[in-house]
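When a residue number appears, it is its place in the shown sequence, counting from 1.
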Amino acid sequence: MKQELAAMIEAMTPEVYQRLATAVETGKWPDGVALTPEQREHCLQLVLLWQARNNEDPQHMTVGTDGQMVMKSKKQLKEEFGIEPEVTRINLH
């Protein structure tokens, strides 16, 4: 990674990361202006690089600090969000 890019990622705050992640997800800047395809690509790269350095608790389909893609199961996500598992009950009367 080039030194300038490494310094940019190092200086990126969680707030800036979240703005970039939201821009990539929605395709728009916070003021509503659409991202160009080039801006979206660059923002996505910055988001993934930031996650690779700072994402200690990766969510579903993110990049962890070890550089590996992390995909959590539905069961893991439900446990994290405190959602009780569905239980099917059958009356035998």
Side-chain angles (χ1 to χ4, degrees):
M1 186 180 325
K2 293 183 179 180
Q3 286 184 335
E4 300 89 20
L5 185 56
M8 185 185 308
I9 299 301
E10 187 68 31
M12 190 183 302
T13 65
E15 293 79 19
V16 170
Y17 158 77
Q18 190 56 58
R19 284 181 178 228
L20 291 173
T22 300
V24 170
E25 290 171 4
T26 63
K28 297 179 183 177
W29 293 112
D31 64 1
V33 175
L35 274 72
T36 65
E38 185 177 59
Q39 287 173 329
R40 195 168 193 169
E41 181 180 331
H42 291 158
C43 288
L44 178 57
Q45 290 174 3
L46 289 171
V47 165
L48 292 174
L49 288 169
W50 189 91
Q51 286 179 350
R53 285 190 166 204
N54 300 290
N55 197 1
E56 298 294 337
D57 184 27
Q59 300 299 312
H60 185 64
M61 293 183 19
T62 60
V63 178
T65 54
D66 61 358
Q68 298 296 312
M69 181 69 82
V70 176
M71 292 178 33
K72 293 186 178 179
S73 69
K74 281 186 179 181
K75 181 180 178 187
Q76 289 172 313
L77 291 170
K78 285 181 178 183
E79 287 173 0
E80 281 186 22
F81 291 112
I83 299 171
E84 295 294 323
E86 294 179 23
V87 177
T88 303
R89 299 180 194 273
I90 301 172
N91 284 331
L92 300 173
H93 292 248

Subject >> Closest heavy-atom pair and its distance - Val24, Leu44 >> reply: CG2-N, 3.5 Å

Original post:
When rounded to the nearest 0.5 angstrom, what is the spacing between CZ in Arg40 and NZ in Lys28?
Top reply: 11.0 Å

Original post:
Does Leu5 reach the side chain of Gln45, with side-chain heavy atoms less than 4.5 Å apart?
Top reply: no

Subject >> Inter-residue atom distance Glu4.CD - Ile9.CD1, 0.5 Å rounding >> reply: 12.5 Å

Original post:
With a 4.5 Å heavy-atom cut-off, do Thr22 and Tyr17 have their side chains touching?
Top reply: no

Subject >> Euclidean distance, Leu49 CG relative to Glu10 CD, rounded to 0.5 Å >> reply: 12.5 Å

**OP:** Search all heavy atoms of Trp29 against all heavy atoms of Leu20 and return the closest pair with its distance.
**Re:** CZ3-CD2, 4.1 Å

Original post:
Taking everything shown except Arg19 itself, do over 12 heavy atoms lie less than 6.0 Å from its CZ?
Top reply: no

